[in-house]
Amino acid sequence: MSDQLWTSIDQLCFIDVESKALPHTRGTPDESVVTSGAYRYRRGARVVMIQHAIGNAVPTVSAFPDFDITRKFLWSPGSIPDDLWAFHQRALRGEAWYVAWNMTFDRLMLNTIDGCEIRPDMTIDVMAQGLASNSPGTLEGASRFVGRHGKQQDGKNLIGLFSNADGWHDLTTFHPHGAEHSWVGEPGAKPNTHAIEWERFKSYGAQDIDELRAVFQATRPLPRREWEEYWVSERINDRGMGVDVDFCYRADLIAEANKRRLGIQLKALTGGKITAPTQRERIANWLYDNCPSPEARDTLVKVWADIEDGAEDDDQLVPAKLSVAEDNLNKYLTFYRNLDEAEGLTDEEFDLLQIAEARSFGASATPAKFGKIVDQHDEGRLKGQYRFNGAQQTGRFSSVGVQIHNLIRASLTDKDHPGREVEVIDFIHQLEID
């Protein structure tokens with residue numbers, strides 16, 4: 001078997017879809033693919049435009065004439081071009097492949113069409129190939145990376161008009177001849193109510209195919225074995241991992257309540273100078289400037305600088321950069337906890353300890369993951385969390401969505417409380433939620 005997946009450009013169909021979120025569906029309340037992730041988003045969205053080009057052919061755009069929500073874009077010879085239907089049969093037999101940027105989204109959306117089945121092993125992801133060549137992670141960036149002019153300028157605004165559940169208001173876009181103008185989008189904008197903008201949207205889709213193909217041809221082709229690994233990773237993404245959605249929902253409410261509590265506490269302790277545990281620079285400066293102990297202050301210094309150029313005396317060094325990163329903050333906390341145990345703290349020192357603890361407990365990104373899990377789960381499973389070739393050039397996977405690669409490592413359990421995690425989980429499950 002050849003190490004090259006494809007031998008002729010005619011075995012490839014460069015494809016992209018545009019979708020529309022629909023209200024009152026099983027999608028998330030805001031119907032946003034950014035917050036809900038592709039797997040959940042597809043349940044509350046429809047494909048409204050398919051643009052494709054087989055080999056080096058001129059891109060073809062197949063688009064809805066209206067947004068009648070009862071209509072479905074049927075994958076059949078009567079609803080799409082004959083060449084695309086014929087290509088699909090070749091792809092089903094393993095003789096051809098669909099090519100897209102961030103293929104997962106396009107594959108999932110195309111699979112919502114009646115009669116369509118695109119398996120992972122029928123696909124190639126140009127984003128994965130581009131990242132292996134150190135290109136940016138967006139089609140816009142990758143296009144410019146290979147020496148082209150990027151995507152159509154008004155594309156983002158047109159997506160906002162036609163793809164969101166209710167369209168955009170006070171929208172600024174670009175005239176076909178380059179003159180910028182503004183207009184107000186109506187809720188539920190449709191091709192028949194915004195014909196000029198719809199034609200611009202179609203041209204945007206066609207240009208995306210040209211840029212997609214150019215990036216694919218300008219970056220290093222991946223061998224068959226790497227695409228086989230990609231297909232396995234996509235099957236893993238499709239299967240996902242089970243999550244306790246009720247627990248995550250409750251934990252998210254607790255985390256948000258704790259964040260508000262810490263914000264109120266910090267505001268009171270600092271006279272309004274600090275209002276949230278995430279305000280890293282403000283907290284670092286406060287803990288340093290108000291600390292009476294040189295030893296404790298030094299734990300927060302990340303970079304020293306000379307008072308005068310050429311100064312060699314350590315007494316002439318001043319902090320150039322402070323840090324409340326985990327290591328620095330833990331040393332600061334340890335100093336004051338040990339001091340408290342040995343001889344007690346003054347009121348001012350105790351305030352500093354409380355502020356440092358609020359930063360330590362309240363600035364973690366981990367609690368926010370509970371809310372993301374609630375937003376992105378697909379019927380109790382968290383899917384699409386791994387990005388193939390996500391780390392440029394190294395070939396290492398990266399994590400998207402909830403970032404499950406970066407879960408907290410700290411444990412509540414110790415020798416005196418061996419079952420503390422279980423107790424906390426039971427406690428959260430038993431809470432009465434208003």
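Quick caveat, the model's predicted, so the values are computed rather than measured. Nothing fancy with the numbering, it's 1 onward along the sequence.
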Among pairs that include at least one residue of residues 265-277, which meet side chain to side chain donor-acceptor pair (under 3.5 Å), considering only residues two or more places apart or in two chains? T275-Q279
Pairing of R148 and E211 as salt bridge, 4.0 angstrom limit: yes
What's the shortest heavy-atom distance between Q217 and N56, and which atoms? NE2-OD1, 3.4 Å
For K372, look at atom NZ and say whether over 12 heavy atoms of other residues, nucleotides or ligands are found less than 6.0 Å away. no
For L262 and F361, which heavy atoms make the closest approach, and how far apart are they? CD1-C, 4.5 Å
Regarding Q11 and T7, do their side chains bring together a donor and an acceptor under 3.5 Å, going by distance alone? yes
Answer yes or no: is there a donor N or O on one side and an acceptor on the other, between the side chain of S143 and the main chain of E140, under 3.5 Å? no
So, for D210 and P59, which heavy atoms are closest and what is the spacing to 0.1 Å? OD1-CG, 3.4 Å
Start with the C-alpha gap between Y98 and H88, add the side-chain angles, then the distance that decides, and say whether side chain to side chain donor-acceptor pair (under 3.5 Å) holds. CA-CA 9 Å; Y98 289 101; H88 187 62; 2.7 Å; yes
Salt bridge between E379 and R40, side-chain N to carboxylate O under 4.0 Å? no
Could you tell me whether K202 and E199 have a side-chain N and a carboxylate O separated by less than 4.0 Å? yes
What is the minimum heavy-atom distance between R119 and T123, and which atoms define it? O-CG2, 3.5 Å
Scan side-chain atoms only and decide if N328 and E326 contain a donor-acceptor pair under the 3.5 Å cut-off. no
Selection residues 418-429 - residue pairs positive for side chain to side chain donor-acceptor pair (under 3.5 Å), sequence neighbours left out: D244-H429, S411-E421, T413-E421, H417-R420
Heavy-atom pair with the smallest gap, counting every atom of A358 and L266: CB-CD2, 3.8 Å
